[in-house]
Amino acid sequence: MKNKINWNFDNSYSRLSNVFKENIEPVSVKNPELVILNEDLAKSLELNFSNVSRNELSSLFTGNSLPNGSNSIAQAYAGHQFGYFTMLGDGRAVLIGEHITSKNKRYDIQFKGSGRTAFSRNGDGRAALGPMLREYIISEAINYLNIPSTRSLAVAKTGENIIREKLLKGAVLTRVASSHIRVGTFQYIAAREKIEDLNILLSYVIDRHYPQINNSKNKALQLLKVVMNKQINLVIDWMRVGFIHGVMNTDNMSISGETIDYGPCAFMDTYDPKTVFSSIDKTGRYAYCNQPAIIKWNLSRFAECLIPIIHKDQNQAVLMATEIINSFDKIYEEKWLNMMRNKLGLIEKDEKDKSLILDLLKWMHINKADYTNTFCNLMDENNLKNKIYENSDFLDWKKKWKLRLLKKNKSLNDCVKLMNSVNPLVIPRNHKVEEAIDAAEQNNLEPTYQLLEILKKPYSFQKNTSIYQMPIISNKNYQTFCGT
Ligand code: AMP
Ligand code: MG
């Protein structure tokens with residue numbers, strides 16, 4: 001199958017010692033059946049599935065037949081889950097290999113839901129069709145919103161039922177990532193207190209993701225800085241589009257800065273900073289407004305792992321790491337302000353920008369306005385008509401905003417262009433995602449295809465865009481689940 005598909009594996013992680021992973025193959029399944037294949041992603045990976053039969057694809061994407069050159073492993077990692085430390089690892093995933101494109105880009109190809117591993121603890125190693133389709137749809141949406149993310153290459157049914165509160169159809173998701181190395185990977189290795197292994201991981205990560213650091217005097221410290229900046233950029237992007245990850249445990253935070261692990265995530269509709277969708281997030285630890293603080297908390301856990309390799313004097317190492325972590329708030333604040341300026345088309349800076357931005361957010365909160373649609377209204381008031389935008393406080397705010405736009409002598413056209421580039425017209429609305437998954441579970445993929453098509457161009461008005469723009473009020477108590 002290798003030549004037909006053009007797989008080009010070079011499995012560097014599997015060459016690390018067994019401290020880092022377990023060598024294991026996916027557990028074969030009874031009756032594999034491909035559900036969806038991401039042709040666009042395949043193309044960008046230079047993979048060609050056009051000469052492969054449906055049966056072969058089904059077998060491939062459930063792990064029943066592994067491609068030549070793969071060398072499958074389950075990765076070891078740890079994590080702070082809702083604040084509590086646990087030794088974990090891929091309990092239901094196997095990395096089948098690293099595919100290299102002709103431009104020398106390296107991608108992990110991983111099956112999720114592929115059976116038990118040494119890290120499964122009490123789990124069955126399996127995943128259900130609904131949550132895997134959900135990950136497929138939302139990760140693709142995030143990617144097309146121009147936000148770094150793992151991607152989804154395929155979902156295939158296993159033909160086996162899995163036992164949850166009720167019987168569900170089993171499925172395997174093929175996830176593509178620039179790597180699956182997490183903050184939790186460092187935590188796992190650091191917890192074992194073998195400095196040689198920590199150094200191996202440090203070198204591996206730098207060579208793979210941040211080779212520019214190789215020249216720096218203190219590589220561990222520099223890595224902390226680089227990862228912090230990547231994560232700040234990521235969370236700013238989430239805040240920009242109203243994305244709530246839902247389970248920002250340290251094992252779900254990628255060293256590469258990609259969004260990873262789409263479990264109970266969802267997009268906020270009505271603007272409320274405290275929005276939480278996840279059924280298990282009882283205290284709101286991972287609420288929309290807490291995301292930056294949690295990123296900082298997770299980065300502090302990352303910094304702790306690096307202490308032994310930052311400086312041989314522990315006190316000195318702590319001081320150096322603390323200085324970096326302490327710079328988080330200022331960097332975040334500035335980047336957040338700029339992001340919000342862009343959303344409002346505010347070119348250049350004005351001292352009153354922050355209060356103008358906060359006034360709008362306050363208005364949205366009090367008036368229960370839709371986050372995405374409010375910016376759409378500002379970009380084109382004729383398109384999204386809604387009584388809420390006739391509110392006099394909103395109209396007053398708009399007058400101030402328009403004065404600010406003109407103050408810097410930029411053309412309104414330029415302002416709107418800027419807004420168009422950062423304010424999506426469509427997000428994966430919760431009810432649309434549910435509708436697509438429900439239909440797919442009944443073997444009707446049409447709503448999923450249509451949704452994915454719209455989500456591919458979230459910043460452009462398309463024929464069916466308006467159908468996907470409306471939130472529904474009955475979403476008020478919308479809940480999401482981990483799908484584990
Ligand atoms: P997650 O909440 O998806 O980040 O998963 C947390 C941990 O639980 C990871 O180590 C997963 O591999 C593991 N896990 C989740 N679901 C299962 C399952 N059904 N069987 C075995 N391990 C699982
Ligand atoms: Mg996870």
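Each residue takes its place number in the sequence, starting with 1. We count ligands from 1, going down the list as the structure has it; atoms in each ligand are counted the same way. What you see below is based on every heavy atom in this structure, not just the backbone, and it leaves out hydrogens, waters and symmetry mates.
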Is it the case that the ring center of [Y] lies less than 6.0 angstrom away from the ring center of [X]?
X    : Y    : answer
F82  : Y286 : yes
F243 : Y371 : no
Y13  : Y204 : yes

Should we say atom NZ of K225 is surrounded by more than 12 heavy atoms from elsewhere, each under 6.0 Å from it?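 It does not: K225 NZ has 12 such atoms or fewer within range.
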
Quick check on E193: does its CD atom have over 12 non-hydrogen neighbours (other residues, nucleotides or ligands) under 6.0 Å away? no

I need the atoms of ligand 1 closer than 4.0 Å to a non-hydrogen atom of [X], numbered in the order shown.
X    : result
D251 : 4 (O)
N252 : 4 (O)
G89  : 9 (C), 10 (O), 12 (O)
R126 : 19 (N)

Contact check, [X] vs ligand 1, heavy-atom distance below 4.0 Å:
X    : value
Q81  : yes
D124 : yes
G125 : yes

Among all protein heavy atoms in this structure, tell me which lies nearest to [atom], with the distance rounded to 0.1 Å.
atom                    : value
atom 3 (O) of ligand 1  : D261 OD1, 3.6 Å
atom 9 (C) of ligand 1  : Y77 OH, 3.6 Å
atom 5 (O) of ligand 1  : T484 CG2, 4.5 Å
atom 12 (O) of ligand 1 : G91 N, 2.7 Å

Can you tell me the N, O or S atom of D261 that's nearest the Mg ion (ligand 2)?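 Looking only at N, O and S atoms of D261, the one nearest the Mg ion (ligand 2) is named OD2.
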
V276 side chain reached by K282 side chain, heavy atoms, under 4.5 Å: no

Has R240 got its NZ or CZ under 6.0 Å from the middle of the six-membered ring of W336, at an angle within 45 degrees of the ring axis? no

With a 4.0 Å cut-off on N to O distance, would you call R151 and D40 a salt bridge?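 No salt bridge links R151 with D40.
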
So, are E160 and K169 salt-bridged, with charged N and O less than 4.0 Å apart? no

Identify which of R121, R164, R92, E135 has a heavy atom lying nearest to atom 7 (C) of ligand 1.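 Among R121, R164, R92, E135, the closest heavy atom to atom 7 (C) of ligand 1 belongs to R121.
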
Check whether any N, O or S atom of N252, backbone or side chain, sits closer than 2.8 Å to the Mg ion (ligand 2). yes

